Amino acid sequence: QLLSVSGKTESFSYYLSGGYTDNQGFIRNDNLKRISLRSNFDMDITKWLKLGVNLSTSSSDMSGEHPDMSMLFRTSPVTVPYDEDGNLIYTPVVSTMTSPYLPFQTDNLNERERYSGTFNAIIDIPWIKGLSYKIVGGIDRQISKNYGSDKEGAGRVGTAYKNNSFRENHTLDNILN
């Protein structure tokens, strides 16, 4: 789902958009939910000065663990993964191979937020025909959360994890043309 609006006058243009995605993958728990916003503005301040700004943000949720695909392909298609009470069978075949559906028992939160902005100015040097200077600055910030717990992990003793990450990139370009 995407909605956008744009417009332009002689000295100003804009573009605004918002989007929503709710994608259910064909594999259980292979899902994506995302909300995104974007805005672009360009302005002719004078005959020799132009300014622009582009801003965007998004929030994504990819929570949920999907089955172990390598184990799933090695498991017989007639294997019954659950007992008569609906409980997952830890080793559904006579072997040491665990159930490929074991990740379904994991509690998982996997979220990302992203913010970015680019700002630019173009100066056409009026006293030297054809000479211009452009400066572009940008920032890109991503915040991620990945939390989980698995009561069957580490040999059925249980595991838990909490990973937070933060990344920020800056750019600055000076262009004399």
Side-chain angles (χ1 to χ4, degrees), residues 1-70 72 103-150 153-154 159-177:
Q1 307 281 340
L2 179 68
L3 178 64
S4 65
V5 176
S6 62
K8 185 174 183 176
T9 67
E10 208 170 288
S11 62
F12 180 76
S13 66
Y14 67 92
Y15 173 80
L16 303 168
S17 71
Y20 176 73
T21 301
D22 188 357
N23 193 9
Q24 303 294 315
F26 70 93
I27 298 171
R28 184 174 166 192
N29 283 345
D30 186 23
N31 307 322
L32 168 66
K33 290 183 183 179
R34 179 175 45 222
I35 297 172
S36 58
L37 300 170
R38 181 179 176 139
S39 63
N40 299 348
F41 301 99
D42 290 302
M43 299 156 274
D44 294 341
I45 304 300
T46 66
K47 287 183 180 181
W48 54 270
L49 177 62
K50 297 175 182 140
L51 299 177
V53 62
N54 300 334
L55 303 170
S56 65
T57 184
S58 66
S59 178
S60 302
D61 184 349
M62 299 160 287
S63 298
E65 292 289 341
H66 51 79
D68 183 332
M69 297 305 291
S70 65
L72 189 61
F104 291 157
Q105 307 298 311
T106 302
D107 290 326
N108 174 260
L109 172 79
N110 187 351
E111 295 178 340
R112 290 186 191 142
E113 294 177 10
R114 188 170 192 169
Y115 309 93
S116 64
T118 304
F119 310 92
N120 66 72
I122 301 172
I123 301 169
D124 290 321
I125 311 297
W127 56 89
I128 303 175
K129 185 176 171 107
L131 184 62
S132 67
Y133 170 69
K134 181 176 184 178
I135 184 168
V136 180
I139 185 170
D140 182 34
R141 177 180 288 175
Q142 183 172 316
I143 303 165
S144 300
K145 297 180 212 172
N146 191 0
Y147 307 157
S149 65
D150 180 1
T159 60
Y161 59 90
K162 185 175 184 179
N163 299 316
N164 292 306
S165 67
F166 176 83
R167 186 191 78 205
E168 186 169 289
N169 296 315
H170 300 261
T171 58
L172 182 62
D173 295 327
N174 292 285
I175 303 165
L176 191 58
N177 190 12

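Just so you know, these numbers come straight off a predicted model, no measurement behind them. FYI, side chains are in, hydrogens and waters are out, and symmetry mates aren't considered; it's all heavy atoms of this structure.
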For a quick test of your reading: what N or O donor-acceptor pairs under 3.5 Å do the side chains of residues 7-19 make, sequence neighbours left out?
unit_1: Thr9; atom_1: OG1; unit_2: Ser11; atom_2: N; d: 3.4
unit_1: Thr9; atom_1: OG1; unit_2: Phe12; atom_2: N; d: 3.1
unit_1: Thr9; atom_1: OG1; unit_2: Phe12; atom_2: O; d: 3.4

Can you confirm whether [X] sits close enough to [Y] that some side-chain heavy atom of one is under 4.5 Å from a side-chain heavy atom of the other?
X: Asn164; Y: Phe166; value: no
X: Leu172; Y: Asn174; value: yes
X: Phe119; Y: Leu51; value: no
X: Leu176; Y: Leu131; value: yes
X: Val136; Y: Thr171; value: no

Going from [atom1] on [X] to [atom2] on [Y], what distance comes out if it is rounded to the nearest 0.5 angstrom?
X: Ile143; Y: Glu111; atom1: CD1; atom2: CD; value: 11.5 Å
X: Met62; Y: Asn23; atom1: CE; atom2: CG; value: 12.0 Å
X: Tyr133; Y: Asn177; atom1: OH; atom2: CG; value: 13.0 Å
X: Asn146; Y: Tyr161; atom1: CG; atom2: OH; value: 5.0 Å
X: Ser58; Y: Ile35; atom1: OG; atom2: CD1; value: 10.0 Å
X: Asn54; Y: Thr118; atom1: CG; atom2: OG1; value: 5.5 Å

Walk me through whether Leu37 and Leu55 qualify under side-chain contact (heavy atoms from CB on, under 4.5 Å). CA-CA 8 Å; Leu37 300 170; Leu55 303 170; over 6 Å; no

Identify the heavy atoms of Leu32 and Ser60 that sit nearest to each other, and give their distance.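 Smallest interatomic distance, heavy atoms only, reads CD1-CB, 4.2 Å.
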
Which pair of heavy atoms, one from Asn108 and one from Asn110, lies closest together, and at what distance?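 Looking at all heavy atoms of both residues, the shortest contact is OD1-CB, 3.8 Å.
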
Residue pairs fulfilling salt bridge (Lys or Arg N to Asp or Glu O under 4.0 Å) with at least one residue in residues 129-145, sequence neighbours excluded: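 Residue pairs with at least one partner in residues 129-145: Arg114-Asp140, Asp140-Arg167, Arg141-Glu168.
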
Just grab all the salt bridge (Lys or Arg N to Asp or Glu O under 4.0 Å) pairs involving residues 32-41, residues at least two apart or on different chains.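 Non-adjacent pairs meeting salt bridge (Lys or Arg N to Asp or Glu O under 4.0 Å): zero.
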
Results of side-chain hydrogen bond (donor to acceptor under 3.5 Å, both in side chains) for Ser59 - residues two or more places apart only: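 Ser59: no side-chain hydrogen bond (donor to acceptor under 3.5 Å, both in side chains) contacts found.
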
Suppose we screen for side-chain hydrogen bond (donor to acceptor under 3.5 Å, both in side chains). Which residues come up paired with Glu113, at least two apart in sequence or across chains?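 Glu113 satisfies side-chain hydrogen bond (donor to acceptor under 3.5 Å, both in side chains) with Tyr115 once adjacent residues are dropped.
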
Contacts of Asp124 that satisfy side-chain contact (heavy atoms from CB on, under 4.5 Å) - sequence neighbours left out: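 Listed in chain order: Trp48, Lys50, Ile122, Ser132.
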
